[in-house]
Amino acid sequence: MAFEDSLAFAQSLDKEDPLAHMRQAFHIPRIKYSTEEEVYFCGNSLGLQPKLTSEYLNAELSKWQKLGVKGHFDCEFPWMPYHEFLADESAKLVGAHPSEVVCMNSLTANLHFMMVSFYRPSSKRYKILLEDHAFPSDHYAVESQVRFHGYDPSEAMVLLKPRDGEECLHLEDILSTIDQHADELALIMLPGVQYYTGQVFDMQAITDAAQHHDITVGFDLAHAAGNIEMQLHDWGVDFAAWCTYKYLNSGPGSVAGCFVHEKHHDNPELPRFAGWWGHDKNSRFEMENEFIPIQSAEGWQLSNPPILSLAAIRASLDTIKEAGGIAALRNKSKQLTAYLRFLLHNRLAAHIDIITPDDGLSGCQLSICVNSDNKTGKQVFAAIEAAGVTCDWRAPNVIRVAPVPLYNSYEDCIRFVDILEASL
Ligand SMILES: *Cc1c(COP(=O)(O)O)cnc(C)c1O
């Protein structure tokens, strides 16, 4: 489509947007001391609150008030199987069977629990492939697992570095590194979408390469879940984990998601850190000492989960379902982000660089580096925040902006670029 740089054109795109009404399903923050809505481009960090959320949370509070412990059984959405009500919609987001996903714990905790089962180093194969600049929590998790098994991180962590002067990784470099270290790698752990650059990784090609060499592969989907389409089951990915407070709008610190491929569900050889919520549902309350894992991703659960957080996830999943699911979101997202990219190019090409790759290798986020003699990136970031934009700054050098298809508009893109232009 031929874009135009004008408010009228942006508004015409909003008029034709089949998801435009979804903005009304969210609470949009207002600019301080004003009734005007912010340009909220921060769904990659904390998604906004769906209007369904308080209704669903209140329903659980009310059940607790009226039923006490009986809320586990005799009511609509009983707490005992509550996590099961999230499985179908969570599975659709990542391209899984419902038995392969479960909402539990937090993201970093899930990465650890997954590595307990799927990082099984031997004297010959003990290395983990990850990015040189992985999200710090992921780096710490991998490093501490490596140490826990008695290996030296400087030797056991194979770090993927971008080419000199570049920010993003080339698929061919990832694949050749896998080939080069094939005999020593026990695990590959990479993001689905890179948090700093917004680059989408070719999870299918990476998984194919891993399987070719019999290497286990897991993905951190923090920036992928609710952002791009995936087919974890068909690709044969071994495990994945994601948080639900970014593109999944389930509230700060909400319970995370986890995927374990079906091929691992009935493998008694897999080590795991067990808890009673992972035990066979039929005999869980017989309180015996022999652990019998549920033969699904649920078998990795430890504890009975925080229902209030799961209720918020259910509200968000129902909101996404109402919008038509991840395919509908991605469809709008491609055009919305392309429009923002067009505006930035059209007006600000001399002052900024967008490090997020084009050609289908991005989700909704664009990562912007400021390229100006009079102002640093951080000063520009402070100025746009003061003018009513919420987005985020990531050291060392990037302003991350994420127009999300559920609640952002084409008009938001124009307002953002107006403010950024004025701030430069
Ligand atoms: C957001 C994010 C995290 C956050 O981890 P928590 O355990 O949810 O605090 C971890 N890794 C990546 C790649 C992220 O983007």
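Index from 1, following the sequence. Whatever order the structure lists ligands and atoms in, that order sets their numbers, starting from 1.
Residue D138 approaches ligand 1 through these ligand atoms, each under 4.0 Å from one of its heavy atoms: 10 (C), 11 (N), 12 (C), 13 (C). Ligand-side atoms of ligand 1 in range of H223: 15 (O), range being under 4.0 angstrom from any heavy atom. Under a 4.0 Å criterion applied to the non-hydrogen atoms of T108, ligand 1 contributes the atoms 5 (O), 6 (P), 7 (O). Residue-ligand proximity, Y245 to ligand 1, at heavy-atom distances under 4.0 Å covers atoms 1 (C), 4 (C), 5 (O), 6 (P), 8 (O), 9 (O). Near D220, the atoms of ligand 1 lying under 4.0 angstrom from a non-hydrogen atom of the residue are 11 (N), 12 (C), 13 (C). Each of the atoms 2 (C), 12 (C), 14 (C), 15 (O) of ligand 1 lies under 4.0 Å from some heavy atom of A222.
Of the polar atoms of S106, none of the N or O atoms is found under 3.5 Å from an N or O of ligand 1, judged by distance alone.
Taking the six-membered ring where the residue is Trp, F273 and F113 present perpendicular rings, their angle passing 60° and hence far from 30°. H264 and H261 have perpendicular rings, their planes meeting at more than 60° on a 0 to 90° scale where under 30° would count as parallel.
A donor-acceptor pair shorter than 3.5 Å cannot be found between the side chains of E411 and S409.
The residue from E131, H223, Q199 that alone fulfils the side-chain hydrogen bond (donor to acceptor under 3.5 Å, both in side chains) condition with Q194 is E131.
Here the protein heavy atom with the shortest distance to atom 12 (C) of ligand 1 is F135 CG, 3.3 Å. Looking only at heavy atoms of the protein, atom 2 (C) of ligand 1 is closest to K246 NZ, 2.5 Å.
No donor-acceptor pair under 3.5 Å is formed between the side chain of K378 and the backbone N or O of W393. At least one donor-acceptor pair closer than 3.5 Å links the side chain of S250 to the backbone N or O of L248. Q365 contributes a side-chain N or O that, together with a main-chain N or O of Y195, makes up a donor-acceptor pair within less than 3.5 Å.
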